[in-house]
Amino acid sequence: WAASALGDLARLADASEAIKEAGGVGALVELVRSDGAHAKVWAAEGLGNLAGHGPAYCTAILQAGGEQALTELSRSGGDQAKKNAKKALAKLSSATAPAAAPATAPAGSAGVTAAGVEPSAAAKRR
C-alpha cells in the first residue's frame with residue numbers, strides 16, 4: 001500500500017517536494033525493482049508523476065537509477081507495469097531534453113542523452 005500512497009501523493013506538487021526531500025524517489029526506484037507486481041505498477045506511476053513536476057525531479061530519478069529500473073520494467077513487467085514505466089520514461093525524456101535543441105545536431109557536435117551523459121564514440125558512429 002505504501003507504493004500506492006506514494007504514487008498518488010506524487011501527483012501533488014507540495015507532496016512531491018516532500019517525497020523528494022525525504023528520499024522517497026530512491027524508495028520508489030527500489031519498489032520498481034522489487035518482486036511485488038502491485039508495488040511495481042504503483043511505483044512506476046509515482047515516478048512518472050514526479051517526473052511530470054519538472055527537471056529537478058527528473059534529475060533525482062536519474063540519480064537514483066530510475067531510468068535503468070524503469071527501462072527494465074518496461075520490457076519485463078506485467079501489462080500495467082510496462083505501461084506505467086513507458087509513461088514515466090517518456091516524461092523523463094521530455095523533461096530532460098534541451099528546450100531549443102535542433103532537430104539534427106551539427107556534424108561533430110557533442111550530444112547529450114536524457115541521462116545527461118555524452119554518448120560514447122562508438123555509439124555516435126552507429
Side-chain angles (χ1 to χ4, degrees):
W1 294 105
S4 174
L6 278 176
D8 281 342
L9 286 171
R11 296 175 202 264
L12 307 170
D14 290 343
S16 292
E17 184 63 26
I19 290 168
K20 184 172 70 111
E21 294 302 317
V25 173
L28 286 169
V29 170
E30 289 307 312
L31 286 169
V32 166
R33 292 182 175 132
S34 74
D35 290 333
H38 184 74
K40 289 180 182 197
V41 168
W42 285 103
E45 182 175 321
L47 289 171
N49 289 340
L50 289 173
H53 290 293
Y57 294 92
C58 293
T59 298
I61 293 166
L62 294 172
Q63 289 175 342
E67 184 175 30
Q68 180 183 4
L70 289 165
T71 298
E72 291 170 10
L73 182 60
S74 73
R75 295 178 181 149
S76 64
D79 290 342
Q80 189 62 47
K82 286 180 182 179
K83 180 179 174 182
N84 289 356
K86 288 176 185 177
K87 282 183 179 180
L89 286 166
K91 287 181 182 180
L92 276 175
S93 178
S94 65
T96 58
T104 31
S109 68
V112 177
T113 66
V117 180
E118 183 173 333
S120 67
K124 289 180 187 177
R125 287 190 291 260
R126 286 186 217 153

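Throughout, residue positions are numbered sequentially from 1 according to the sequence presented.
S93 places no side-chain N or O within 3.5 Å of a backbone atom of A90 that could act as its donor or acceptor partner.
E67 and L92 get closest at one heavy-atom pair: CA-CD1, 4.4 Å. Looking at every heavy atom in both residues, A10 comes nearest to S16 through O-OG, 2.7 Å. Closest approach of L28 and G46 over heavy atoms only: CD1-C, 4.2 Å. Pairing each heavy atom of A44 with each of A88, the nearest pair is O-CB, 3.7 Å.
In this structure, L50 CG and L9 CG are separated by 10.0 Å, a value rounded to the nearest 0.5 Å. One distance of note links NE2 of H53 with CG of L12; it measures 7.0 Å at 0.5 Å rounding. For the atom pair CG of D79 and CG of N84, the computed distance is 11.0 Å after rounding to the nearest 0.5 Å. Going from atom CD of Q80 over to atom NZ of K40 covers 14.5 Å, rounded to the nearest 0.5 Å. Of the inter-residue distances, the one linking K82 atom NZ with L70 atom CG reads 14.5 Å to the nearest 0.5 angstrom.
Between L47 and the options L89, L31, I61, a side chain to side chain contact (heavy atoms under 4.5 Å, CB included) holds for only I61.
In this view, E17 and K20, E21, Y57 satisfy the side chain to side chain contact (heavy atoms under 4.5 Å, CB included) rule, not counting sequence neighbours.
I19 and V32 fall within the same hydrophobic cluster, where Ile, Leu, Val, Met, Phe, Trp and Tyr residues are linked whenever their side-chain heavy atoms come under 4.5 Å apart, directly or through other members.
Using a 4.5 Å cut-off on side-chain heavy atoms (C-beta onward), N49 and K91 make contact.
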